[in-house]
Number of protein chains: 2
Amino acid sequence: MPSPIRSITTHDVARHAGVSQATVSLVLGGNPRARVAAATRERVLRSAEALGYRPNILARGLVRGRSYALGVLVPDLSNPFYLDVVTGVQRVAAEAGYVVLPGDTREVPAARHLEALRARQVDGLVLDGVGAASLPPDALSGTEVVLVDEPPERWPGVASGALEAGRLAAEHLLGLGHRRLAFIGPASDVHGFRMRERGFFRALRDAGVEPRSEWVRRTPPTIAGGQRAMRTLLASHDRPSGVFCANDLLAAGALKTALTAGLAVPGELSLVGCDDVELARVLTPELTTVAIPARELGARAARLLLRRLDDPAYAPRSDRPLPVKLVVRGTTGAAG
Amino acid sequence: MPSPIRSITTHDVARHAGVSQATVSLVLGGNPRARVAAATRERVLRSAEALGYRPNILARGLVRGRSYALGVLVPDLSNPFYLDVVTGVQRVAAEAGYVVLPGDTREVPAARHLEALRARQVDGLVLDGVGAASLPPDALSGTEVVLVDEPPERWPGVASGALEAGRLAAEHLLGLGHRRLAFIGPASDVHGFRMRERGFFRALRDAGVEPRSEWVRRTPPTIAGGQRAMRTLLASHDRPSGVFCANDLLAAGALKTALTAGLAVPGELSLVGCDDVELARVLTPELTTVAIPARELGARAARLLLRRLDDPAYAPRSDRPLPVKLVVRGTTGAAG
DNA sequence: CGTATTAGCTAATACGTATCAGCAAAGGAC
DNA sequence: GTCCTTTGCTGATACGTATTAGCTAATACG
């Protein structure tokens, strides 16, 4: 059978089955509850099968006013955590016949991404950690939006237990006897990070431990950022005995610098990350961290988004944040 | 200004500018060499600007027979190397107004991905490491395809110097005095990996070093795979003094296992990876590896693909493979 | 001045699908 | 038998754009 030059259309199927194009569309198109005689339906299906018909999703989208595409924007796709979020979105979206267009804001600003996605007529957007509040006000109009780990004020969202994550890290370190505790996190005003930070410090204060401002290091949430931050922490005359990093990349960088400086981990310094990306188990020693269900977070965001596309009025019953879990590994030990 | 319910079309712009829809299309659409009076063009452009017109890419694609979308398939998006390839494709594609739909074959088989991408009417495909040769024969018909690191027999492709990469690793280890050399790589028949392997062993033989079959460990090219492979290598009574891993994930896993087993690296065991992903610099000690320009590889694939979309007859002058480079870090040292 | 040429624009159509109004036939109620 | 309802299908149209044929007016040329 020669490969078709032009792809098979509903017209081709109609001719083959001896019915009208409209009937083919009724059988193969959206509405499964369309009134078509069983015999006709069968005949159309067989013709479609025989010709190898595949619906042209662009044409379908044009008439339905849908592109069946979703945009997902994250700060950094090379961070496995965000990649997992995207993967979660992708899986759910794929099942519903949607495709996802991922983008990150490392090199291209969010506003420009949104411009391009809008030109693509994406039906919806998932935004994670891109500071939706600080976007130009009309950048998101006319599109359904779901936020991840942001305050769900103007748009609905899903959340992980960021506050809880910070608290777990703090309690773990406190439980090991640490009182001299530092925090490494980003300066950027991303709500999820802010919550992790707040949870951490709240737990410290609850335990009567007053944080020191010189032990709060702000740096881009990357490996390089973690290295820099740890370098300045180690340079000070007075060193913390435990550090909570706002994500695992920071922790990996911090660990690297500490080991290179000859520090014993966890002997002289305990380290807790956040996210539990695969990297955490590759480091030596393995990283103690707080596991965030990234994939499930993305999946849940996608489900909410798809739901709202069908019914824009759908207001999610305010969901519990996804549960987080402390994973104790090799970078934390009793205070000396 | 109220946000528009329905998006602005060429008809709206035409009405606003007092011209026909066709004229608007001539001004704003593809052909820049269309004959339109300067004054009219100016007026249309101003109207478009004023109304905030954005072309509907779906509609444009429908009539032009293009979707302005490219599919990219790789084995594993969580491998930063492949992610970089995708990023390279994405950057070039974005500049040309194309969007890319990435997919990996960890959970969904390539054939199913291709099915979905085809339904999306993607204009072209970039395939890296998915074994294009073993796909159903018609899975790629009717679509422009460019392969990465595959033999460019049925489809054009771009390549990195995989053979050279293996050779560089071998010569580095040989130069340090190692003669007891092992290889860890995937069993799957992916051409790029095969070439790295071949380059390695060819250099060994050229140096008069005969490889031992029990030191060739086959395992999935992941961190976990590297750990397993190294475990079996260490379990044997006779240990190699140097190991070349077909990628950095394998090397990371191998390093982890070696360190956990109490081996001194590089004192008792030298380790060379391949790819030079960011992970390589986070490990302690830092990983010696062969740098492959992943991003440029993807970018070049995208350029070739776009070129062929404009001119399907375009046969690339057979390009030199992209240069690779040995990066000596901390996991290799002189043989004991 | 008459004719050929060109510039500048528009009407009409097509891309492949979904959907709606409407038609013919068949059934159902009496 | 008439009248009403339902079933099963089709013709026509629309989605937003690109493109081509063709029209008008202006210009060029002899």
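Lettering follows sequence order; numbering is per chain, from 1.
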- request: Tell me, with the steps shown, if Val148(B) and Leu127(B) meet side chain to side chain contact (heavy atoms under 4.5 Å, CB included).
  value: CA-CA 6 Å; Val148(B) 176; Leu127(B) 304 182; over 6 Å; no
statement: Atom CZ of Arg66(A) and atom P of dT17(C) are separated, to the nearest Å, by 19 Å
statement: For nucleotides 22-27 of chain C, 5' to 3', base contacts (B), sugar-phosphate-only contacts (S) and non-contacts (-) with protein non-hydrogen atoms under 4.0 Å give ------
Ring pair (Phe, Tyr, Trp, His ring centres under 6.0 Å) contacts touching residues 94-118 of chain A (sequence neighbours left out): Tyr68(A)-Tyr98(A)
field: Partners passing side chain to side chain contact (heavy atoms under 4.5 Å, CB included) against Val72(A) (at least two apart in sequence or in another chain)
entry: Val74(A), Val86(A), Val89(A), Val100(A), Val126(A)
- request: Return each pair, listed once, that meets side chain to side chain donor-acceptor pair (under 3.5 Å) where at least one residue sits in residues 71-85 of chain A; pairs must be two or more places apart or across chains.
  value: Asp76(A)-Ser78(A), Asp76(A)-Arg106(A), Ser78(A)-Arg106(A)
message: Please confirm whether the shortest side-chain N or O distance from Thr9(B) to OP1 or OP2 of dG16(D) is below 4.0 Å.
response: no
statement: note: Asp12(A), atom CG; dT17(C), atom P; distance rounded to Å ~ 9 Å
Distance, rounded to the nearest Å, where Arg118(B) contributes CZ and dG16(C) contributes P: 15 Å
Whole-Å distance separating the NE2 atom of His11(B) from the C1' atom of dT17(D): 8 Å
field: For Glu107(A), all residues meeting salt bridge (Lys or Arg N to Asp or Glu O under 4.0 Å), sequence neighbours excluded
entry: Arg91(B), Arg295(B)
Please enumerate all protein N or O atoms sitting under 3.5 Å from an N or O of nucleotides 10-13 of chain D, with distances to 0.1 Å.
{"residue": "dT10(D)", "atom": "OP1", "partner": "Ser20(A)", "partner atom": "N", "Å": "3.4"}
{"residue": "dT10(D)", "atom": "OP2", "partner": "Ser20(A)", "partner atom": "N", "Å": "3.0"}
{"residue": "dT10(D)", "atom": "OP2", "partner": "Ser20(A)", "partner atom": "OG", "Å": "3.0"}
{"residue": "dT10(D)", "atom": "OP2", "partner": "Thr23(A)", "partner atom": "OG1", "Å": "2.3"}

query: Which of these nucleotides, dC9(C), dT17(C), dT19(C), is closest to any side-chain atom of Arg60(A)?
result: dT17(C)
- prompt: What bend angle does the helix from dC1(C)-dG30(D) to dC30(C)-dG1(D) show across its length, from five-pair end axes and to the nearest 10 degrees?
  reply: 50°
- prompt: Do the side-chain N or O atoms of Tyr68(B) get closer than 4.0 angstrom to the phosphate oxygens (OP1, OP2) of dT17(D)?
  reply: no
- prompt: In chain order, what residues pass the side-chain hydrogen bond (donor to acceptor under 3.5 Å, both in side chains) check against Gln121(A), with sequence neighbours excluded?
  reply: none
- line: Looking only at dT17(D), dG16(C), dA18(C), the nucleotide nearest the Ser25(A) side chain is dA18(C)
task: Drop me the distance from Leu77(B)'s CG to Leu83(A)'s CG, to the nearest 0.5 angstrom.
output: 6.0 Å
task: Would you mind reading off the distance between Leu62(A) atom CG and dT17(D) atom C1', rounded to a whole angstrom?
output: 8 Å
message: Give me each pair satisfying salt bridge (Lys or Arg N to Asp or Glu O under 4.0 Å) with a member in residues 92-103 of chain B, each pair once, sequence neighbours excluded.
response: none
Distance under 6.0 Å and angle within 45° of ring axis: Arg307(B) vs Tyr314(B): yes
Rounded distance (Å) that lies between atom P of dT17(C) and atom CG of Leu28(A): 9 Å
message: Using heavy-atom distances to pick each residue's nearest nucleotide on DNA chain C, tell me which of Ala59(B) and Arg43(B) is more 5'.
response: Arg43(B)
query: Can you tell which of dT17(C), dG16(C), dA18(D) lies closest to the side chain of Arg64(B)?
result: dA18(D)
field: Between P of dT10(C) and CZ of Arg15(B), the distance in whole Å
entry: 14 Å
field: Sequence-distant partners of Asp311(A), salt bridge (Lys or Arg N to Asp or Glu O under 4.0 Å), two or more places apart
entry: none
message: Rounded to whole Å, please give me the gap between CG in Asn56(B) and P in dG16(D).
response: 7 Å
- prompt: Excluding sequence neighbours, so at least two apart, what forms salt bridge (Lys or Arg N to Asp or Glu O under 4.0 Å) with Arg303(A)?
  reply: Glu296(A)
query: Quick one: salt bridge (Lys or Arg N to Asp or Glu O under 4.0 Å) pairs with a partner in residues 111-126 of chain A, sequence neighbours left out?
result: Glu115(A)-Arg54(B)
